[in-house]
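Both counts, for ligands and for their atoms, begin at 1 and track the order of listing. Nothing fancy with the numbering, it's 1 onward along the sequence. Not measured: the values here are computed from a predicted model.
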Amino acid sequence: MMTTTIRPDGAPGVEQLVLPGQTAAPAGPVDPAGMYLMHHAFRRDLALFTAATAATPAGDRACWKRLQRRWALFSGVLHKHHHGEDTGLWPLLLARTAGGEDAAVLHAMTAEHEHIDPLLQACGDGFSALAAGAAGAADTRAALAGHVTELRDRLQAHLAHEERDAMALVQTYLTQHDWERLDKEHFSPDYSPREVPAVLAWVVYGLPPHAVRKIPGGPVLHALGRLLVRRFARAERRTFRYVAPAAAA
Ligand SMILES: [Fe+2]
């Protein structure tokens, strides 16, 4: 769904992308579709990994190896996303605000990222141990399920806070030109050309068809994404084979 929004000052804003699960899409002059596309994929993965850690038998090492590789994709993209925000987006916004409540929102964004990092590490360690067939697999799986659930809850709360309050600051203080410069300088450089196909398919998977056109990069990239996602979907069915289709849809 896309919404044409009206800015708080009454001027029409650009069309804002609103995806399933998204908490807010504040009105304004910036089109932050790339941000909302990433958040959609993070939310989808949180549901998938929560269901998979609960349902995958502790002894199915082949499946845990696939889950470990898939976790590395998710956590790698999340790390880059937060890194771009911490080194580019929040500092630029902080420089434009006059302190007060606006600055408090931005400090909260950084603090929430810091609380998420150790949980990501703990989950990664759990997937590695189960993939390696370490002793005590049942206990490891139970601990991992707890960590993944905690991560899901914290990250979902963080994404909601960011969409509601930090993206409102984006629309108040930044221009579309600022946004595109941030992407060029702080987000895109984190990805090597070799990583692009997997990340593109990861973004497209489960995305409403109209939203594929909002992926930054143009029609050739969109066509490539639609092509790559078929193979990605086949791999997903193997990786999340114990997850009920509703959670994996
Ligand atoms: Fe974000």
If I consider every N, O or S atom in E85, which one ends up closest to the Fe ion (ligand 1)? I only need its name.
OE2
Do the side chains of K184 and E180 get close enough for a salt bridge, i.e. N-O under 4.0 angstrom?
no
Short check: any N/O/S atom of M35 below 2.8 Å from the Fe ion (ligand 1)?
yes
If I consider every N, O or S atom in E162, which one ends up closest to the Fe ion (ligand 1)? I only need its name.
OE2
Do the side-chain N and O atoms of E85 and H186 include a donor-acceptor pair separated by under 3.5 angstrom?
no
Flag for D45-W202: side-chain donor and acceptor within less than 3.5 Å:
yes
Would K80 and Y191 count as a cation-pi pair here, with the cationic atom under 6.0 angstrom from the ring centre and within 45° of the axis?
yes
Taking just the N, O or S atoms of H81, which one is nearest to the Fe ion (ligand 1)?
NE2
Distance-only side-chain donor-acceptor flag, Q22 / H40, under 3.5 Å
no
With a cut-off of 2.8 Å, does any N, O or S atom of H82 fall short of it relative to the Fe ion (ligand 1)?
no
